[in-house]
Asks: 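Can you read through this structure? Questions will come right after.
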Amino acid sequence: MTPNSPAPEPGLLGRFLQGLGLSPDGTALKAGGREHTYRALDLAARTLAGTLLARSPGADRVGVLAHRGERAYAGFLAGLYAGAAVVPLNPDYPAERTRAMIEAARVTVLVVDDAGEACLPALGDALDGVTVVGRETGEPLTRPVPVRPEDPAYIMFTSGSTGVPKGVPVSHGNVLHYLRCVQDHFGFGTDDVFSQTFNLTFDLAVFDMFAAWGCGASLVVVPPGAYTRLPAFLTRHRITVWFSVPAVVPLLRRSGALTAGAMPTLRHSLFCGEALLREDAASWQAAADGSAVHNLYGPTELTISCTLHRWDPALSPALCVNDVVPIGRPHPGLRVHLHRDGGEAAGTGELCVSGPQMVTGYLDPADDRGRYLSHGGERWYRTGDLVRTLPDGQLAYIGRLDHQVNVGGVRMELREIDQALRRCAGVDEAVTLVAGGVLRAYVTGAAANPAALREELGSILPRELIPRRIERLAAFPLNANGKVDRPALTRAATGEQPVAG
């Protein structure tokens, strides 16, 4: 590098380096009962980066096959130090899925912990030409490999809840714009303590890591066992920023954990990943009465989240549609277009978004077909979600376009039926779907009686919208990202396999 050349651009890694400068001896990570300072995590990441570059010079796709511990987080940072795109992988995923992700992302180096190493024999020829790093042997990297804003920072694979998973490369420019927006909005600081509820294969985990590390705050991994005593866990670790999927809320409510003022340390509570219901927002707000409750919305292709609504106990309930909290307004710099039948929709339409958080396309260009729209001289990402513009300009989530169905000549929105079921006596949650050409519904709630529910629905819905079969479950099955596993419910409804709650 010549004296007049620009300094190397660290990209997303720069967020961690900023935290390292602010709080070198502060706690960057708590995981598995251990604390790791910024200085220690940085050394682990640089040592790992030196190792992988020594063994695979020029590595550009670094897979991280590890559980949420120091190895996984150091591996993520090491990939960024090396100037590579990070590909998070989950040791608990079926080997077939992991093989497909490694091959689709063209992983060149694979960082593993003990759990990841145990997966290797089942990955077979997907590892041909892939360097596996299980133990550090190289010298620590002294400076990051420079990257450009358009280079991919990480590659996530969609959850598969609406089809075949697709690889989504998110650039440094995409994610840095997003992180600047959320930092400006929330004003996080070094005293904040963030929860980490998501697996690293879920892009919401990137928010937790780099929103925390960008301001020198702490990140606390929430183990599965903590949910049975979550208020005590939050208080013990002094967590101030909570982020999870909404499915956590009814589980805690049923267990009696959401008592008034039960979570006093929280100052921000964020939910994303699926629809946040009015009752869930209200009950969480009561338990975290010193916290601002936020509903975030956005697909992976728009970088973590693209809209936000802050719950207001006095005003928000009247804005809910089908009991769903509004998704709010777009983040600064993003533009929205409501699309219907080849043109601009008036009031209600498919949400399309453009701007600096929109990824340029999928790993496989064939997957771009039908997902992008050319309108008004711009390229827009089609979310596949139907939204409505509210009187105050915020957006209300109506439902997935592929959840609008036609049964017996009647077109219906499945979420409308879900809402009607939740109004019935004894029902906590409800999911309606079509299987074998007929409406079926699953509900939770100890007092929910299927026969009584069909009778009660008759006073709420037209006959055509009443599910032919309603089944009560102890709990809904969840996928790896904590969302309700609709494909599993569909398989159960068609008799392929029983439901595992």
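What you see is a predicted model; the values in this text were computed from it and never measured.
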Asks: Take the angle between the ring planes of F207 and F243 and call it parallel below 30°, perpendicular above 60°, tilted in between.
Replies: perpendicular
Asks: So if I apply the side-chain contact (heavy atoms from CB on, under 4.5 Å) rule between L77 and each of L41, L17, L12, which one comes out positive?
Replies: L41
Asks: Evaluate the criterion side-chain hydrogen bond (donor to acceptor under 3.5 Å, both in side chains) for residue pair T444 and D428; output intermediate values, then yes/no.
Replies: CA-CA 5 Å; T444 64; D428 290 334; 4.6 Å; no
Asks: Can you tell me if T383 uses its side chain to pair, donor with acceptor, with the backbone of L351 under 3.5 Å?
Replies: yes
Asks: Report the C-alpha separation of S269 and S291 in whole Å, then their side-chain angles, then the decisive distance to 0.1 Å, and conclude whether the side-chain hydrogen bond (donor to acceptor under 3.5 Å, both in side chains) test is met.
Replies: CA-CA 6 Å; S269 300; S291 170; 2.8 Å; yes
Asks: Test side-chain contact (heavy atoms from CB on, under 4.5 Å) on V431 and R486; report intermediate values, then the result.
Replies: CA-CA 8 Å; V431 173; R486 295 183 69 96; 3.4 Å; yes
Asks: Any side-chain heavy atom of Q285 sitting closer than 4.5 Å to one from P313?
Replies: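 The answer is yes; the side chains approach within 4.5 Å.
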Asks: Once you round to the nearest 0.5 Å, how far does CG of L204 lie from CG of N199?
Replies: 11.5 Å
Asks: Do N174 side-chain atoms and P356 backbone N/O form a donor-acceptor pair below 3.5 Å?
Replies: yes
Asks: Closest heavy-atom contact between R99 and A126?
Replies: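 Reported closest heavy-atom pair: CG-CB, 3.9 Å.
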Asks: Quick one: CD1 on I327 to CG on L296, what's the gap to the nearest 0.5 Å?
Replies: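 Answer rounded to 0.5 Å: 10.5 Å.
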Asks: Using 0.5 Å steps for rounding, measure from the CZ atom of R61 to the CD1 atom of I102.
Replies: 13.5 Å
Asks: So, H309 versus H294, ring centres under 6.0 angstrom or not?
Replies: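 No, they do not, as the ring centres are separated by 6.0 Å or more.
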Asks: Using 4.0 Å as the upper bound for N to carboxylate O, is an ion pair formed by R335 and E378?
Replies: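 Yes, E378 and R335 are salt-bridged.
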Asks: In terms of heavy-atom contacts, does CZ of R382 have more than 12 from other residues, nucleotides or ligands at under 6.0 Å?
Replies: yes
Asks: Do the side chains of V193 and V241 get nearer than 4.5 Å, heavy atoms only?
Replies: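 Side chain of V241 against side chain of V193, heavy atoms only: no contact under 4.5 Å found.
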Asks: Between K483 and F202, what is the shortest heavy-atom contact and its length?
Replies: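 For K483 and F202, the tightest heavy-atom pair comes out as CE-CZ, 3.7 Å.
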Asks: From D323 CG over to R423 CZ, what is the distance, rounded to the nearest 0.5 angstrom?
Replies: 8.5 Å
Asks: Using atom types as modelled and distance alone, determine if a side-chain donor or acceptor of H331 lies under 3.5 Å from a backbone N or O of S305.
Replies: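 Between the backbone of S305 and the side chain of H331 there is a qualifying donor-acceptor contact (under 3.5 Å).
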Asks: Would you indicate whether R468, at its atom CZ, is surrounded by more than 12 heavy atoms from other residues, nucleotides or ligands within a distance under 6.0 Å?
Replies: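 Counting other residues, nucleotides and ligands, CZ of R468 stays at 12 neighbours or fewer.
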Asks: Roughly how far apart are T197 OG1 and Y227 OH, rounded to 0.5 Å?
Replies: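 Result: 4.5 Å between the selected atoms.
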Asks: Rounded to the nearest 0.5 Å, what's the gap from CD on E274 to CZ on R400? Could you check?
Replies: 13.0 Å
Asks: Between K166 and E301, does a salt bridge (Lys or Arg N to Asp or Glu O under 4.0 Å) hold up when you go through it step by step?
Replies: CA-CA 10 Å; K166 305 178 180 71; E301 294 85 349; over 6 Å; no
Asks: Going by atom types alone, do Q196 and D208 pair a side-chain donor with an acceptor below 3.5 Å?
Replies: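 There is such a pair between these side chains.
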Asks: Within the structure provided, determine whether D60 and D151 are in side-chain contact (heavy-atom separation under 4.5 Å).
Replies: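 Heavy-atom side-chain distance check fails, nothing below 4.5 Å.
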Asks: CZ of R329: more than 12 outside heavy atoms within 6.0 angstrom?
Replies: yes
Asks: Any side-chain heavy-atom pair from V220 and S195 closer than 4.5 angstrom?
Replies: no
Asks: Would you say the side-chain atoms of T389 pair up with the backbone N or O of L395, donor to acceptor, closer than 3.5 Å?
Replies: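 Side chain of T389 to backbone of L395: no pair is present.
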Asks: Under a 3.5 Å distance rule, please check whether D184 uses its side chain to pair with a backbone N or O of C181 as donor and acceptor.
Replies: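 The answer is no, because no donor-acceptor pair under 3.5 Å joins these two groups.
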Asks: Can you tell me if S56 uses its side chain to pair, donor with acceptor, with the backbone of L52 under 3.5 Å?
Replies: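 Absent.
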Asks: Looking at L80 and A153, what are the two nearest heavy atoms and their distance?
Replies: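 Closest approach of L80 to A153, heavy atoms only: CD2-O, 3.6 Å.
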Asks: Using side-chain hydrogen bond (donor to acceptor under 3.5 Å, both in side chains), reason through R267 and T240 one step at a time and then give a plain yes or no.
Replies: CA-CA 5 Å; R267 73 183 194 97; T240 62; 4.7 Å; no
Asks: Under a 4.0 Å N-O cut-off, is there an ion pair linking R371 with D368?
Replies: no
Asks: Are L110 and V87 packed together at the side-chain level, in the sense that at least one heavy-atom pair is separated by less than 4.5 angstrom?
Replies: no
Asks: Y442 vs T432, test: side-chain hydrogen bond (donor to acceptor under 3.5 Å, both in side chains). Steps then yes/no.
Replies: CA-CA 6 Å; Y442 290 93; T432 310; over 6 Å; no
Asks: Is H177 reaching over with its side chain to a backbone N or O of P332, donor-acceptor style, under 3.5 angstrom?
Replies: yes
Asks: Would T201 and Y93 count as a side-chain contact (heavy atoms from CB on, under 4.5 Å) here? Give the steps.
Replies: CA-CA 10 Å; T201 48; Y93 277 179; 3.2 Å; yes
Asks: Taking L489's backbone N and O only, do any of them form a donor-acceptor pair with R440's side chain (distance below 3.5 Å, no angle check)?
Replies: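 Judged by distance alone, no pair lies under 3.5 Å.
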Asks: Determine yes or no for a side-chain-to-main-chain donor-acceptor pair under 3.5 angstrom, with T303 supplying the side chain and Q357 the backbone.
Replies: yes
Asks: Decide yes or no on side-chain contact (heavy atoms from CB on, under 4.5 Å) for T348 and L338, but give the supporting numbers first.
Replies: CA-CA 7 Å; T348 302; L338 303 191; 6.0 Å; no
Asks: Relative to the ring of F76, is the ring of Y154 parallel (under 30°), tilted (30 to 60°) or perpendicular (over 60°)?
Replies: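 Rings of Y154 and F76: tilted, 30 to 60°.
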Asks: Using the rule given for ring-ring contact (aromatic ring centres under 6.0 Å, His included), can you reason through Y381 versus Y372, listing the C-alpha separation, both sets of side-chain angles and the distance that settles it, and then say yes or no?
Replies: CA-CA 5 Å; Y381 178 74; Y372 288 89; 5.5 Å; yes
Asks: Give the C-alpha distance, both sets of side-chain angles, the deciding distance and a yes or no for side-chain contact (heavy atoms from CB on, under 4.5 Å) between R143 and Y81.
Replies: CA-CA 7 Å; R143 64 177 60 187; Y81 255 115; over 6 Å; no
Asks: To check you understand the geometry: which heavy-atom pair defines the closest contact between L276 and N295, and what is its length?
Replies: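 So the two residues come closest at CB-OD1, 3.5 Å.
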Asks: Can you check whether P144 reaches P10 side chain to side chain, under 4.5 Å on heavy atoms?
Replies: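 A side-chain contact exists here, since the closest heavy-atom pair is under 4.5 Å.
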Asks: Would you call the rings of F188 and F186 parallel, tilted or perpendicular, taking 30° and 60° as the class edges?
Replies: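 Ring orientation of F188 relative to F186: parallel.
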Asks: Do N90 and H67 have side-chain N/O donor and acceptor atoms under 3.5 Å apart?
Replies: no
Asks: So, for P250 and E429, which heavy atoms are closest and what is the spacing to 0.1 Å?
Replies: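 Between these two residues, the closest heavy atoms are CG-OE2, 3.4 Å.
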Asks: Can you spot which of V293, V245, D280 makes a side-chain contact (heavy atoms from CB on, under 4.5 Å) with F271?
Replies: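 Among the candidates, only V293 passes.
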Asks: Would you tell me whether T300 and T158 have side-chain atoms, one donor and one acceptor, within less than 3.5 Å of each other?
Replies: no
Asks: Testing the basics here: between L200 and A205, what is the closest heavy-atom pair and its distance to 0.1 Å?
Replies: CD2-CB, 3.9 Å
Asks: For the residue pair H337 and W380, categorise the inter-ring angle as parallel (less than 30°), tilted (30 to 60°) or perpendicular (more than 60°).
Replies: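 If you compare the ring of H337 with that of W380, the planes turn out tilted.
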Asks: Return yes if some donor-acceptor pair links the side-chain N/O of N322 with the main-chain N/O of V324 below 3.5 Å, else return no.
Replies: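 Side chain of N322 to backbone of V324, a donor-acceptor pair under 3.5 Å: no, none is there.
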Asks: Establish, yes or no, whether a centroid distance under 6.0 Å links the rings of F194 and W242.
Replies: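 For F194 and W242, the ring centres are not under 6.0 Å apart.
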